[in-house]
Protein chains: 2
Amino acid sequence: MQLKDIAKRLNISISTVSRVINGTGRVNKDTRELILKTIKEMGYQPNEVARSLKRKSANTIGVIVPDISNSFYASVIKGVEKVAREGEHSVIVCNSDEDIQKEEEYVQLMLQKQVAGLVIATVGGDPQLFEQYKSSGIPFVFFDNLPNTEENFDIVTIDNVKAGYELAKHLVEQGHEKLAILTGPQHQSSAAERLQGFRKCLEENGLSVRDEWVGVGEFRRESGYKIMNEWLKRDELPTAIFAANDFLLYGAIKAILEKGLSIPQDIAAVCFDANDETGLIRPQITSVIQPADLIGTIAGEIILRKEKNKNRPVFEKIVLEPKLIINESSQKRIGG
Amino acid sequence: MQLKDIAKRLNISISTVSRVINGTGRVNKDTRELILKTIKEMGYQPNEVARSLKRKSANTIGVIVPDISNSFYASVIKGVEKVAREGEHSVIVCNSDEDIQKEEEYVQLMLQKQVAGLVIATVGGDPQLFEQYKSSGIPFVFFDNLPNTEENFDIVTIDNVKAGYELAKHLVEQGHEKLAILTGPQHQSSAAERLQGFRKCLEENGLSVRDEWVGVGEFRRESGYKIMNEWLKRDELPTAIFAANDFLLYGAIKAILEKGLSIPQDIAAVCFDANDETGLIRPQITSVIQPADLIGTIAGEIILRKEKNKNRPVFEKIVLEPKLIINESSQKRIGG
DNA sequence: TTGAAAGCGCTAACAG
DNA sequence: CTGTTAGCGCTTTCAA
């Protein structure tokens, strides 16, 4: 079923049919209606691939995230999808699985598919990578992890240093002096900046950041579990832990509970992104919550806008305010 | 950057270049290497849209789920993506948001985009809808909810009646006689069949299914919360509740806890799909766990296979075994 | 207001 | 082994 068929049926040219479908140019009112009717009757659906080829854009927004199972990323995707839908675009989603190799491949794939733009939480750190992304000529909007490069890109993020600072400050205010941190790969800005905020806070409060309590792993449960277990083997334990994302903390908590210790009585805990969709996570986690849906929405909007404006070389860095949700996992210890 | 450019640079025809890129036909070894080298140098990327137009397929698998935030669906998507990647396909993901209207729109969109096939957890119930899907001519693989139609489709599912039966049986074996059920829209097969299994079990065990304890809502937390609150207002309470999915149960548990009751001491609880990614959900839920990743994998494979075999009219109904995970939420009451 | 025709970037006969 | 050519289904000049 294509233009040709309905044109033939009506004994008119395909360009006229095309015109009424696209609402471009003037078409006689009667023929327009006849065409519309026939289209409906025959159930014609335009071939988007052909359109895209002609248009040189696939009306599609690409999204690449490290882990679609993480509800933070799922919410971002939903946000992108919402604006995409409104703008008559669709969304291709890819999971990089925290693997820079896969990320690169998927970026290539998306480019080949002529996406209008890419929303990406990169896991890469090599500036060359971003130059390559840049040279593609289509808009890349970064969130979560920012590109390590001098090139200009659009960015939608929170202030991770500040948020890390605030989160650590909360622990300090609860009277904690022995703090440990679990964070992710240091070439990922979110991991590095959250650590930086943590450091800054401790230093300003006359506390020392103890190297043996700076645990650098991956943003996964297994990683948090492993690092925490190392710490638990030692004589001296921190009184509070700070995790750069939820999965790291969940792993750490597992280790803590297995050891027979409890939260927050023995060890208090806070983290980023612990957005409890179930409402049943115990202990309830004190956490910095990013406005995930909004991040996706804004990122999507930037891409649609740039597409309309022929990719004008204007770059925005949008900094959103996260929320600090205080919960039982960091409650002050009664007594000492 | 296109075929033309590299052909021009080398003073050869574009078809030769095309041949080496696709590895089709015989090409002189030296020219092949020269071409490969030049492609790399110039950083040529084939235009997938043009290829797709020619090929009449976009090498893409479409996936439509009701809610990408639900970890069950997220895992299915991951499964599809894995096989898609291996088969050099990509995945377009859409959220129907449990809205049949959106689902239809997205199906149309996917068809227009010439996807190779569609993996879908439909939320629709009208047979006409499925005839329409059928007439598209591309393979639809259903999971989770099955199409309400006589038409043949590929299906990857668990036996929901049986699983519902087993889950209810577990409660009965724990000594429960006053059972309530929370389920989803009855035009969705998963909701209806799980209820059916529940009924069958109670009847076989000489227990009555009390209409006032059959709560039909949507597969959302709010729905479970609302229905449970109604029940909690009455004098007589069930001693156990059975929910057709995790979100329904999470909502119900919220209501129960707010009322000052506890699980499983006052009310035991079981459900489908409570796959705890965090490991911190309390109480830990007794649940039927579907092999989500495998569902996605198999569904993706079916589509790739059909694409290869020119959509041979062979339809498979694949029934997978779920796991019943027994946890504290359904523990036997000590005493009475 | 309409139609003819060029062309989007690529693949695949077909001919040489 | 290589080049020419005809489309894939659509949009969009340009003429009529």
Side-chain angles (χ1 to χ4, degrees), chain A residues 1-36 38-39 42-60 88 108-109 111-116 136-138, chain B residues 1-36 38-39 42-60 88 108-109 111-116 136-138 307 310:
Chain A
M1 176 60 37
Q2 24 181 303
L3 280 190
K4 191 173 50 180
D5 299 313
I6 96 133
K8 207 169 282 174
R9 167 91 98 91
L10 263 35
N11 248 314
I12 55 179
S13 76
I14 63 170
S15 26
T16 302
V17 183
S18 172
R19 278 184 198 108
V20 345
I21 286 173
N22 295 288
T24 59
R26 333 224 94 265
V27 177
N28 177 288
K29 206 178 171 214
D30 292 345
T31 40
R32 151 176 283 107
E33 276 171 15
L34 182 59
I35 290 171
L36 251 17
T38 316
I39 284 176
M42 303 182 68
Y44 167 77
Q45 299 279 19
N47 180 322
E48 263 305 315
V49 174
R51 284 181 151 181
S52 298
L53 178 59
K54 187 73 193 169
R55 194 196 305 130
K56 299 191 185 182
S57 162
N59 278 180
T60 297
E88 315 217 272
Q108 297 304 351
L109 184 68
L111 296 179
Q112 295 179 185
K113 293 214 169 225
Q114 318 295 119
V115 297
S136 72
I138 69 155
Chain B
M1 175 63 37
Q2 26 182 304
L3 281 189
K4 191 174 51 180
D5 299 314
I6 95 132
K8 206 168 282 171
R9 167 89 97 91
L10 261 37
N11 248 316
I12 56 180
S13 76
I14 64 169
S15 30
T16 303
V17 183
S18 173
R19 278 185 198 106
V20 344
I21 287 173
N22 294 288
T24 60
R26 334 224 95 264
V27 177
N28 177 290
K29 208 180 167 213
D30 292 345
T31 39
R32 151 174 284 105
E33 276 171 14
L34 182 58
I35 289 171
L36 252 17
T38 316
I39 284 175
M42 302 182 68
Y44 167 77
Q45 300 279 19
N47 180 324
E48 264 305 315
V49 174
R51 284 181 150 181
S52 299
L53 178 59
K54 185 73 194 174
R55 194 196 306 129
K56 299 191 184 183
S57 163
N59 278 180
T60 296
E88 313 216 274
Q108 297 304 352
L109 184 68
L111 296 179
Q112 295 178 186
K113 293 213 169 225
Q114 318 294 118
V115 296
S136 72
I138 70 155
E307 190 181 30
K310 295 176 180 175

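So that the names make sense, note that chain A is the first sequence line, chain B the second, and so on, each numbered from 1.
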Closest approach of [X] and [Y], non-hydrogen atoms and distance?
X        : Y        : value
B:Ile138 : B:Ala116 : CB-O, 4.2 Å
A:Ile14  : A:Ala7   : CG2-CB, 3.6 Å
B:Met1   : B:Tyr44  : CG-CA, 3.5 Å
A:Lys113 : B:Val49  : O-CG2, 3.6 Å
B:Gln114 : B:Lys56  : NE2-O, 4.4 Å

If I take atom [atom1] in residue [X] and atom [atom2] in nucleotide [N], what distance separates them, rounded to the nearest angstrom?
X        : N      : atom1 : atom2 : value
A:Lys56  : D:dC10 : NZ    : P     : 19 Å
B:Leu10  : D:dT2  : CG    : C1'   : 14 Å
B:Leu3   : D:dC8  : CG    : P     : 19 Å
A:Lys113 : C:dG9  : NZ    : C1'   : 15 Å
A:Leu111 : C:dG9  : CG    : P     : 16 Å
A:Asn59  : D:dC10 : CG    : C1'   : 13 Å
A:Asn47  : D:dC8  : CG    : C1'   : 8 Å
B:Ile6   : C:dT11 : CD1   : P     : 12 Å

What residues, two or more places apart in sequence or in another chain, satisfy side chain to side chain donor-acceptor pair (under 3.5 Å) together with [X]?
X       : value
B:Ser13 : B:Ser15, B:Thr16
A:Asn59 : A:Arg55
B:Thr31 : none

Atom pairs, N/O to N/O, protein against nucleotides 3-6 of chain D, distance under 3.5 Å?
from	atom 1	to	atom 2	distance (Å)
D:dG3	OP2	B:Ser13	N	3.0
D:dG3	OP2	B:Ser13	OG	3.1
D:dG3	OP2	B:Thr16	OG1	2.8
D:dG3	N7	B:Ser15	OG	3.4
D:dG3	N7	B:Arg19	NH1	3.4
D:dG3	N7	B:Arg19	NH2	3.4
D:dG3	O6	B:Arg19	NH2	2.2
D:dT4	O4	B:Ser15	OG	3.2

Item to complete: Measure the CG-CD1 distance between B:Leu10 and B:Ile35 for me, rounded to the nearest 0.5 Å.
Response: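 Rounded to the nearest 0.5 Å, the CG-CD1 separation comes out at 6.0 Å.
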Worksheet item: Hey, does the side chain of B:Ser52 reach the backbone of B:Glu48 with a donor-acceptor pair shorter than 3.5 angstrom?
Response: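 Yes, because the side chain of B:Ser52 sits within donor-acceptor range (under 3.5 Å) of the backbone of B:Glu48.
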Discussion item. Please check this pair: side chain of B:Thr60 against backbone of B:Ala58, looking for a donor-acceptor N/O pair closer than 3.5 Å.
Written reply: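 A pair under 3.5 Å: yes.
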Worksheet item: To 10°, what angle do the rotation axes through the five end pairs on each side of the helix from C:dT1-D:dA16 to C:dG16-D:dC1 form?
Response: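 One end axis against the other gives 50°.
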Worksheet item: Considering only heavy atoms, which members of residues 21-31 of chain B lie under 4.0 Å from some atom of DNA chain D?
Response: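 Per residue number, the list reads B:Arg26, B:Val27, B:Asn28, B:Thr31.
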Worksheet item: Do the side-chain N or O atoms of A:Arg55 get closer than 4.0 angstrom to the phosphate oxygens (OP1, OP2) of C:dC8?
Response: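 So the side-chain polar atoms of A:Arg55 never come under 4.0 Å of the phosphate oxygens OP1 or OP2 of C:dC8.
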Worksheet item: Phosphate oxygens OP1/OP2 of D:dG9: is one of them under 4.0 Å from a side-chain N or O of A:Tyr44?
Response: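 No.
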